[in-house]
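Before any comments, here is the structure.
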There are 2 protein chains.
Amino acid sequence: MTDGLDPRELGTYFALMEAVGVLQHHVEQQLRAEGGISYVQFQLLARLADADGPLTMTQLADGVVYSRSGLTYQAGLLEKAGLITRGSFAQDERATLVSITDEGRALVGQVLPGHVQVTRRLLFDSLSDDDLQHLGAIMTRVRDHARAQPPRSAAPRKRRAAADAAADAAPDSPE
Amino acid sequence: MTDGLDPRELGTYFALMEAVGVLQHHVEQQLRAEGGISYVQFQLLARLADADGPLTMTQLADGVVYSRSGLTYQAGLLEKAGLITRGSFAQDERATLVSITDEGRALVGQVLPGHVQVTRRLLFDSLSDDDLQHLGAIMTRVRDHARAQPPRSAAPRKRRAAADAAADAAPDSPE
DNA sequence: ACGAAGTGCTTCGAATTCGAAGCACATAAT
DNA sequence: ATTATGTGCTTCGAATTCGAAGCACTTCGT
């Protein structure tokens with residue numbers, strides 16, 4: 001079953017993925033309950049609040065969503081909620097400049113203490129000072145390395161998905 | 001802006017979340033391309049392949065999806081694709097026992113080498129032996145601690161607070 | 001034995017995600 | 001200048017997620 005990953009690697013991998021999953025889920029709950037926003041929306045607002053001025057859609061999306069359309073969707077929601085504004089960029093008419101509104105800043109401020117509390121309770125409370133140092137160094141390295149990797153398009157011969165083939169063979173579709 | 005998290009904590013937190021996000025995205029691409037399955041589906045199949053016998057839906061869901069309905073949906077897809085089977089459990093007629101089929105095992109075997117390759121390229125190649133040790137220890141601790149925290153959706157159903165039950169008994173009570 | 005409460009799973013609707021295709025503007029090549 | 005190619009964003013459809021509500025069976029309390 002492990003086929004190339006020794007048990008230590010396998011355990012580390014699964015623990016990492018699941019720990020982040022649980023953390024994300026808890027964070028999501030807190031943000032929804034206290035601010036009515038998702039984690040993605042929080043990230044976008046936080047980025048804008050941290051930035052010095054407006055950002056383009058692409059800059060804003062970077063590292064938060066993995067499709068452009070996803071950002072368009074979220075920006076639409078945030079704009080409708082009055083948390084951001086979208087304007088054009090004189091230097092490049094294609095681009096859209098996104099700014100955070102005072103309401104947006106206020107919401108971030110309202111939600112942040114609870115957010116910090118959750119991350120503290122679920123993540124930092126389990127970490128010694130040394131752990132924190134190490135984890136920060138490791139994950140920064142991993143992130144930077146992973147982001148530099150090619151977007152994985154060199155997929156070998158694309159086999160037909162098993163689920164699709166089976167769906168054809170089984171005409172008793174529920175919808 | 002940081003309001004309770006020092007910059008080191010903040011940087012670690014963001015690096016962690018984003019690194020896992022990127023890793024997950026790459027893994028998803030590989031699994032979709034080489035096996036036609038999602039990461040969630042792979043996790044479910046891997047769990048079943050690792051287990052000694054069939055698992056109940058709840059056991060299978062644990063740590064993979066955060067809602068029971070999510071598992072029902074995925075189990076439906078996997079069953080239709082012939083990768084798992086669902087049967088009843090004589091000891092408890094409510095429960096559903098899920099088993100992996102030979103096809104399911106074959107698919108896991110087909111997909112695993114590429115999966116290992118991606119995790120190696122994106123994660124383990126950036127880690128020294130010491131890093132791996134540390135990361136494993138840290139994330140195992142964080143995961144176990146986080147999983148023990150209250151709001152877990154795949155966990156036992158939320159118990160009604162005594163106050164709620166009392167409100168039911170006296171429906172004309174003011175709020 | 002009987003009803004209340006709990007547990008396991010499914011159904012349903014709403015929200016969110018992505019990728020592909022499309023549109024508008026920008027830049028490069030000739 | 002004109003055309004080709006590239007870039008930024010949006011629209012669209014399909015897939016997947018969750019939570020609430022519901023159904024069926026089980027267990028508990030009396």
Side-chain angles (χ1 to χ4, degrees), chain A residues 21 24-26 28-29 31-33 36-44 55-62 64-81 86-98 151-153 155 161 163-164 167 173-175, chain B residues 21 24-26 28-29 31-33 36-44 55-62 64-81 86-98 151-160 162 164-165 168-169:
Chain A
Q24 216 167 29
H25 189 248
H26 281 254
E28 202 96 34
Q29 304 285 99
L31 289 172
R32 186 64 69 186
I37 57 174
S38 66
Y39 181 53
V40 167
Q41 291 170 340
F42 171 76
Q43 284 180 294
L44 296 175
L55 299 176
T56 68
M57 295 286 278
T58 297
Q59 289 172 323
L60 187 55
D62 182 52
V64 178
V65 290
Y66 296 94
S67 72
R68 294 286 156 78
S69 51
L71 180 59
T72 296
Y73 175 76
Q74 287 299 343
L77 292 184
L78 292 173
E79 186 174 40
K80 190 183 297 183
R86 278 188 282 194
S88 61
F89 181 31
Q91 265 67 38
D92 187 338
E93 277 304 323
R94 293 168 302 182
T96 297
L97 283 184
V98 181
R152 161 132 221 92
S153 51
D164 294 344
S173 70
E175 286 103 0
Chain B
Q24 215 166 29
H25 189 247
H26 281 254
E28 202 97 34
Q29 304 286 100
L31 289 173
R32 186 63 70 185
I37 57 175
S38 66
Y39 181 52
V40 167
Q41 291 170 339
F42 170 75
Q43 283 179 295
L44 296 175
L55 299 177
T56 67
M57 294 286 278
T58 297
Q59 290 173 323
L60 186 56
D62 183 52
V64 178
V65 288
Y66 297 93
S67 73
R68 293 177 149 77
S69 52
L71 180 58
T72 295
Y73 174 76
Q74 288 299 343
L77 292 184
L78 292 173
E79 186 174 41
K80 190 184 295 186
R86 279 188 281 193
S88 61
F89 181 29
Q91 265 67 38
D92 186 338
E93 278 302 324
R94 295 167 300 182
T96 298
L97 283 185
V98 182
R152 258 182 79 36
S153 168
R157 197 164 295 182
K158 194 189 274 184
R159 196 160 298 195
R160 290 176 73 202
D164 294 343
D168 275 355

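We name chains A, B, ... by the order of the sequence lines, and we start the count at 1 in each one.
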Please classify the nucleic acid contact of [X] as base, sugar-phosphate, or nothing, using heavy-atom distances under 4.0 Å.
X        : value
Leu60(A) : nothing
Thr72(B) : base
Ser38(A) : nothing

Side chain of [X], heavy atoms from C-beta onward: which of [options] has the nearest atom to it?
X        : options                  : value
Ser69(B) : dC9(C), dT11(D), dT11(C) : dT11(C)
Gln74(A) : dC9(C), dT17(C), dC9(D)  : dT17(C)
Thr58(A) : dG8(D), dC9(C), dG19(D)  : dG8(D)
Thr96(A) : dT16(C), dT16(D), dC9(D) : dC9(D)

[X] side chain near [N] phosphate (N/O to OP1/OP2, under 4.0 Å):
X        : N       : answer
Arg68(A) : dT17(C) : no
Arg32(B) : dT16(D) : yes
Tyr73(B) : dT16(D) : yes
Gln59(A) : dG8(D)  : no

I'd like to check [X] versus [Y] (side-chain heavy atoms, cut-off strictly below 4.5 Å). Are they in contact?
X        : Y        : answer
Arg32(A) : Ile37(A) : no
Met57(A) : Thr72(A) : yes
Val64(B) : Leu44(B) : yes

Heavy-atom closest pair, residues [X] and [Y]:
X        : Y        : answer
Ala61(A) : Leu71(A) : CB-CD2, 3.5 Å
Gln41(A) : Leu77(A) : NE2-CD1, 3.6 Å
Thr56(A) : Gln59(A) : N-OE1, 2.9 Å
Glu28(A) : Tyr39(A) : OE2-N, 3.1 Å

Could you tell me how far apart [X] ([atom1]) and [N] ([atom2]) are, to the nearest whole angstrom?
X        : N       : atom1 : atom2 : answer
Leu97(B) : dC25(D) : CG    : C1'   : 15 Å
Leu78(A) : dA15(C) : CG    : P     : 15 Å
His25(B) : dT16(C) : NE2   : P     : 19 Å
Met57(B) : dA24(D) : CE    : P     : 17 Å
Leu71(B) : dC12(C) : CG    : C1'   : 17 Å
Leu31(B) : dA15(D) : CG    : P     : 18 Å
Gln24(B) : dT17(D) : CD    : P     : 11 Å
Gln43(B) : dT16(D) : CD    : C1'   : 14 Å

Evaluation steps, side-chain contact (heavy atoms from CB on, under 4.5 Å), between Leu97(B) and Arg86(B)
CA-CA 6 Å; Leu97(B) 283 185; Arg86(B) 279 188 281 193; over 6 Å; no

Hey, can you pull the residues of residues 86-95 of chain B with a non-hydrogen atom under 4.0 angstrom from DNA chain D?
Asp92(B), Glu93(B), Arg94(B)

5'-most contact on DNA chain C (nearest-nucleotide basis), Gln41(A) vs Ala75(B), goes to Ala75(B)

